[in-house]
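Residue numbering restarts at 1 for every chain, and letters A, B, ... go by the order of the sequence lines.
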Amino acid sequence: MGLIHAEEMTLNIGPQHPSTHGVLRLKVKTDGEIISEITPVIGYLHRCFEKHCENLSYEQVIPFTDRCDYIAAMNNSFGYVLAVEKLMEIQVPERVEYIRVIMAEYNRIASHLLALGTFGLDVGAYTPFLYMFRDRERILDLFELTCGARLLYNYMWIGGVSHDLPVGFMEASYRFLDEFEKNITEYHNILSYNKIFIERSADVGTMPKEVAIDYGVTGPNLRGSGVKWDLRKDEPYSIYDKFIFNVPVGKGLMGSVGDCWDRYWVRAEEMKESVNIIRQALDKMPRKGDVHEALPKKVRPLKGSIYYRTESPRGDLGYYIISDGSSTPLRVKMRSPAFTALSALSEIATGWMLSDVLVILGSLDIVLGEIDR
Amino acid sequence: MYRDFGTIFLFIIIGAVLLIAALLLAKILSPARPSKNKLSTYECGEEVEGSSWVQFNIRYYVIALIFIIFDVEVLFLFPWAVVYKDLGWLAFIEMTIFLLILIVGLIYVWKKGDLDWVKYKVKYGQGRYQKLTKEKA
Amino acid sequence: MGFLENRFEDNIITAKVDQLLSWARSTSAWYFQFGLACCAIEMMATAASRHDLERIGMMPRSSPRQADVMIVAGTVTLKMASRVKLLYDQMADPKYVISMGSCANSGGPYSRQGYHVLKGVDQIIPVDVYIPGCPPRPESLIEGLLKLQEKIRHERPLTKNK
Amino acid sequence: MIINQKVSDLIELNFTGVVIVSEEPQNEFIQIQSEKWLDVAKYIKTDSELKFDSCQCITGVDLGEDKDFEVRYNFHSMKLKHKIEIRIAIERKKPSVSSIEQVWRGADWLEREVYDMYGIRFKGHRDLRRMLLPEDWKGWPLRKDYKTPNIYNGMKVPKVRKGWD
C-alpha cells in the first residue's frame, strides 16, 4: 500500500468560525482527518492600539487597554495603571488598592467562567455554557453596581478608581461568593468529571514544560504544564503579598501533565483561589478613605521607561511604557499572553485529528482583541 | 391480497407528493438572486485554496470494502431469521458454517490492522497516545 | 428573481398572503454567528441564559447558507472587510444586516487614528439596523432585533413595485 | 539591581567591547552592540549562572523623526527567577539586527511583529513576513513619519470629514 501516494488537502478554519474564539484563521493541511501542518493567520482584528497610544494622553489610553482584552478589561487597565503609577512614583491609598484587587479578581472569575463555558462548547457540551453564563451575569451585575458598565469599565484611573464601592456592594458580594462556591463543585460534577469530556480532553494536546517555557507561554497554560509560575505569588505587585492563596498546578489527574484537561482544571481551581482572595480582601479592606485622593492634576511622568508585568487571566500581561516627559507616551507596547500561547499552537497541535485541534485551541483560551491589539 | 398492494401504492403516492411539495414550495416562494460570489464555495470567508479532488488515503477504501462485506452478510441473515422456525436443524448448521467463514475473515482483517481507522502522527503524545509519538527528529 | 416574487397586483388576497409570509419570516430570523470583537461577547451574553435570544425566534447559525440576519458585532478591519463582503454575498436571500456597536456603525473609538479600521461596515454592505453603544447592552441589542423584525413584518414580497 | 551588574560583567568577560555604558541610570538595562548579538543571546540562555530561558517581550522603538530605532528585549529566567532588559540601537537607514528566533522559539512571532510595525529586518529569521497587517500593506505603521494611506483596496481609510465632526 505504500505505492499509492495520498495528497494533502488545504483547509481554512477561517476568520468566521464558531470555535476560533474570534477572528482567527488556521490554514490547515490535512491528510484524511489528521492535521499535518497548521499555520495560524492573525491580524483580522488589528485595531492599531499602539498607534493610538502615541497620540493620546496617558489617561485617555485607559479605555483602549480595556478594549484590547475585552473579556478581562479590569485586569488589563489594572496592569497599565500600575505601570504608569510606578513610572510617576504615585502612592495609592490603601482602600483603592483593596478595591482594585477585588475588581481584578472578580474579573478573573468572570473571564475563567467564559473560558470554561466556551471550552465546554468546543468539546460539545452546551448546558455548562448556560450555567456558567448565569453566574457570569451575576458578576457583571456587581460591576454594573459599581461603575455602571458590564464589559468595558474604564474603572481604573491613574492614582485611583472612578467610583467608590456603592452601599449594597459588600452584602451582594458575600451572598454571591457563598453561592458561587457551591456552584464550582456543581461545574466539576457536570463537566470536569464527565466521561465524554475526559475522553475528549485528557492526554490531548499535551504541552511539555520545556516547550511552554521556550515559547514564552504563561498563565494557566504554563501552570497546566506543571510550572509553578504566578506573578501574584512570584513577583507580588499591588497588595497581593497580603493575601494567603495557593497556586494550582497541573498534576495530570486524568491524563498526562500539560494536557487540555489540566489547563481546564487549573482554571477551575483558580476560581476557588480568587474567591478566597476576594473574601480576605473584603474583610481587611479599610472602610473609610477617599478614592480620588491621589489623583494627579497633570499626568506627566518624567523621562524614562518601564516594563511592568501583572497576572491577567490569560497570563503575564506586560506593559512597556516609554515616556519622554510630555503628557503623551512616546511608546506603549503591550505584551499579550494570548499572543505567545497561540504561537505554541502549531507546535503542540500537529498530528492530531481536526476535532482535537479545536479542543486544543479552546483549551489555550485566547482572545483575538489582545493578540491583534 | 390485492388490498395490501393498494395500501403500499397509496404510501408511495403520499410520499412522493409530500416530497415534491416541500421542494417546489421552497423553489417558488424564495427570492432567487444567484450571483458569482453567492455560488462560490463557502470556506469560512476565505477564497478556496487547492481543490477537494485530492487522492485520499487508501485506508478509507479498505474500510468501506470491509463494511460492505459484513453488511451483505447481515442481509443474508434477515430472510433466514424470518423462516428460521420451520426450517429445522439443517438450516441452523448451514448458517453457522456461513457465519464461521466470515468470522475467520474478520479475525484476519483485525489482525492485519486494517480496522485501525486513524493513523496519528502526534509530536508530544503521552498517556494513551504514547506509542504514537513520532521519534524525536 | 423568484418564481412568484413581485408578480401580482396589490389587492386584498396578495396583501393577506404577504402578511402571512412576512410574519413567518420575521418570527424565525436566524442570525449568522459573526462575532468580531467586544460586541461578540455581549452578543453571546444576550444569547445565553439571562437575556435569551431564542424566545424571539433567533437561533445562532454558523454558516451563511442557513442564516437570514448577519449581526456584524465588532470592529471591521480592512483585512477583514473583503471577508465580510464575501460572507454577505454568500448568504441566502432574503438577507438582512444589523450593525452592532459603534465600531461597526462608524469606526467607533478607532475612527481617528485607526489606520487599519474600516470606518463603518455600511461602506461595504447595506445595513438595515444600526445599534449604538460600545458595547451595546443586551437590552439595546434585543431592541434592535425587534426593530428588524418589525421591518421584516411590513415587507411585501409578492406584490409588484412595492 | 545587583543581578543587572553581574550579567553585564559576565557578558563583558566573554564578549569584550560589546557592552556600551549608557547614561540613563534609572532603569536596569544593558545596552549592547548588535554585531555579536546572536552569540551573546546563545550565551545568556545556556550559561549556568544566567539561564534566561524565556524571552518575555521584544519591543521596537522609534525614538524620533530623525533619531535611530531601538529594539529592547526583556528576558526572564524561570529557574533562577530573575530578569533583565537588553537594548540594541539600530540606525535608521538600513535597520537590521540578527534574529534570535532559533534560540527562543517564542521570539519568532515577536520579531515578525516588530518587523511588521517598524520594518526592522531580522537577519536569519526563517519566515520573516508581516504578522498583523495584510501582505500587500505598504509602509511601516508605527514609524513616527508614517502617513495613513487614503485608499486600501477601494475602501477609504481616513475618517470621512463631512458630517461626522
Fill in the blank from the handout: Note: vs chain A, highest number of non-hydrogen pairs under 4.5 angstrom among C:Cys103, C:Pro64, C:Pro138 is C:Pro138

Handout entry: Test: C:Arg50 and A:Asp141 ion pair at under 4.0 Å
Key = yes

Problem - Heavy-atom pair count under 4.5 Å with chain C, highest-scoring of A:Tyr44, A:Phe64, A:Tyr131 - result: A:Tyr44

Practice task
Consider only side-chain N and O atoms of C:Asn105 and C:Ser99, and report whether a donor and an acceptor are under 3.5 Å apart.
Solution key: yes

Practice task
Examine whether an atom of A:Glu370 lies under 4.5 Å from a heavy atom of chain C, and if so say whether it belongs to the side chain, the backbone or both; otherwise answer neither.
Solution key: neither

Practice task
Check each atom of A:Leu130 against the heavy atoms of chain C and say whether the ones under 4.5 Å are side chain, backbone, both or neither.
Solution key: both

Practice task
Fit a plane to each ring of A:Phe129 and A:Phe133, take the angle between them on a 0 to 90° scale, and name the class: parallel (under 30°), tilted (30 to 60°) or perpendicular (over 60°).
Solution key: tilted

Handout entry: Proximity breakdown for C:Leu36 and chain A, heavy-atom pairs closer than 4.5 Å
Key = both

Exercise for the section: Check the side chains of A:Tyr70 and A:Asn76 for a donor-acceptor pair under 3.5 angstrom, ignoring hydrogens and angles. Expected result: no

Handout entry: Contacting region of A:Arg150 [heavy-atom separation from chain C under 4.5 Å]
Key = side chain

Practice task
Could you tell me whether A:Phe176 atom CZ has more than 12 heavy atoms of other residues or ligands within 6.0 Å of it?
Solution key: yes

Practice task
Could you tell me whether the side chains of A:Glu105 and A:Ser274 share a donor-acceptor contact shorter than 3.5 Å?
Solution key: yes

Handout entry: Pairs of heavy atoms under 4.5 Å with chain A: top-ranked of C:Met44, C:Gln113, C:Gln33
Key = C:Gln113

Exercise for the section: Flag the one option from C:Ala37, C:Ser62, C:Pro109, C:Ala45 with the top tally of heavy-atom pairs under 4.5 Å to chain A. Expected result: C:Ala37

Completion exercise
Counting heavy-atom pairs under 4.5 angstrom with chain C, the leader among A:His21, A:His17, A:Glu144 is A:Glu144

Exercise for the section: For the pair A:Tyr80 and A:Tyr319, name the ring-plane relationship: parallel under 30°, tilted 30 to 60°, perpendicular over 60°. Expected result: perpendicular

Problem - Electrostatic pair A:Arg134-A:Glu186, nearest N-O below 4.0 angstrom - result: yes

Exercise for the section: Below 4.5 Å from any heavy atom of chain A, which atoms of C:Ala40 appear? Answer side chain, backbone, both or neither. Expected result: neither

Exercise for the section: Counting only heavy atoms closer than 4.5 Å, note whether A:Phe49 contacts chain C via side chain, backbone, both or neither. Expected result: neither

Problem - Partner chain C: residue of A:Arg136, A:Lys51, A:Glu54, A:His46 with the largest heavy-atom pair count (under 4.5 Å) - result: A:His46

